Amino acid sequence: ETPNKAIDLNFPQMLELRRKLNDLTTFEALNKIINTDNFVLLFVADKQHLIFLDIPQLLSLKEEMELFFLDFNPVLV
């Protein structure tokens, strides 16, 4: 959910968003963002939505995403 609207994501889209967030929040990537624009534009939901995030919002979203996957209980199939 963004300040302007809620974005529905299916599971593969959630995985892709998590991958993008992990890539953007490495030490090197954060330093590059801070030293240039101080924000990122992120396409989500198969490029249907464009999100503008500053550094605190980016880190907050990553934390929320980690919490989403943290409570995952594996199931034997």
Side-chain angles (χ1 to χ4, degrees):
E1 194 168 309
T2 67
N4 299 330
K5 63 180 163 179
I7 300 172
D8 294 326
L9 300 173
N10 58 34
F11 190 69
Q13 291 169 335
M14 289 285 288
L15 290 174
E16 180 62 18
L17 179 58
R18 183 176 71 160
R19 185 194 63 75
K20 288 178 185 179
L21 290 172
N22 286 337
D23 289 347
L24 289 170
T25 54
T26 63
F27 180 77
E28 294 82 17
L30 284 173
N31 274 332
K32 184 178 177 184
I33 294 167
I34 291 168
N35 290 329
T36 56
D37 299 327
N38 234 7
F39 68 89
V40 293
L41 294 173
L42 187 62
F43 281 104
V44 294
D46 296 328
K47 298 185 180 180
Q48 294 176 4
H49 304 278
L50 180 64
I51 301 175
F52 174 88
L53 299 169
D54 60 16
I55 300 297
Q57 292 171 326
L58 178 64
L59 295 175
S60 176
L61 181 58
K62 180 182 179 181
E63 184 178 323
E64 287 292 322
M65 187 64 66
E66 287 175 351
L67 291 173
F68 177 79
F69 285 97
L70 182 65
D71 289 338
F72 177 72
N73 293 321
V75 176
L76 293 175
V77 177

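Predicted model only: the values in this text are computed from it and were never measured.
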Original post:
Is Phe11 linked to Met65 within one hydrophobic cluster, defined over Ile, Leu, Val, Met, Phe, Trp and Tyr using a side-chain heavy-atom separation of less than 4.5 Å?
Top reply: yes
**OP:** Give a yes or no on whether Phe68 and Leu53 share a hydrophobic cluster (residues Ile, Leu, Val, Met, Phe, Trp, Tyr; joining criterion: side-chain heavy atoms under 4.5 Å apart).
**Re:** yes
Original post:
Out of curiosity, does Leu42 fall in the hydrophobic cluster containing Ile34 (side-chain heavy atoms, cut-off under 4.5 Å, transitive links)?
Top reply: yes
**OP:** State plainly whether one hydrophobic cluster holds both Leu41 and Ile51, where clusters connect Ile, Leu, Val, Met, Phe, Trp and Tyr through side-chain heavy atoms under 4.5 angstrom apart.
**Re:** no
Original post:
Would you say the side-chain atoms of Lys62 pair up with the backbone N or O of Leu24, donor to acceptor, closer than 3.5 Å?
Top reply: no
Original post:
Any link between Phe43 and Met14 through a network of hydrophobic side chains (Ile, Leu, Val, Met, Phe, Trp, Tyr) touching at under 4.5 Å?
Top reply: no
Original post:
Within the side chain of Thr25, is there an N or O that forms a donor-acceptor pair under 3.5 Å with the backbone of Leu21?
Top reply: yes
Original post:
At their closest point, which heavy atom of Ala45 faces which heavy atom of Leu9, and how far apart are they?
Top reply: CB-CD2, 3.6 Å
Original post:
Do other residues, nucleotides or ligands put more than 12 heavy atoms under 6.0 Å from Asp8 CG?
Top reply: no
Subject >> side-chain contact (heavy atoms from CB on, under 4.5 Å) partner of Glu28, chosen from Leu30, Thr26, Asn31 >> reply: Thr26
**OP:** Rounded to the nearest 0.5 Å, what's the gap from CG on Leu61 to CD on Glu66? Could you check?
**Re:** 10.0 Å
Subject >> Atom CD of Gln48: over 12 foreign heavy atoms under 6.0 Å >> reply: yes
**OP:** Applying side-chain contact (heavy atoms from CB on, under 4.5 Å), run through Val44 and Gln13 and close with a yes or a no.
**Re:** CA-CA 7 Å; Val44 294; Gln13 291 169 335; over 6 Å; no
Original post:
Between CG of Asp37 and CG of Asp54, what distance do you get to the nearest 0.5 Å?
Top reply: 12.5 Å
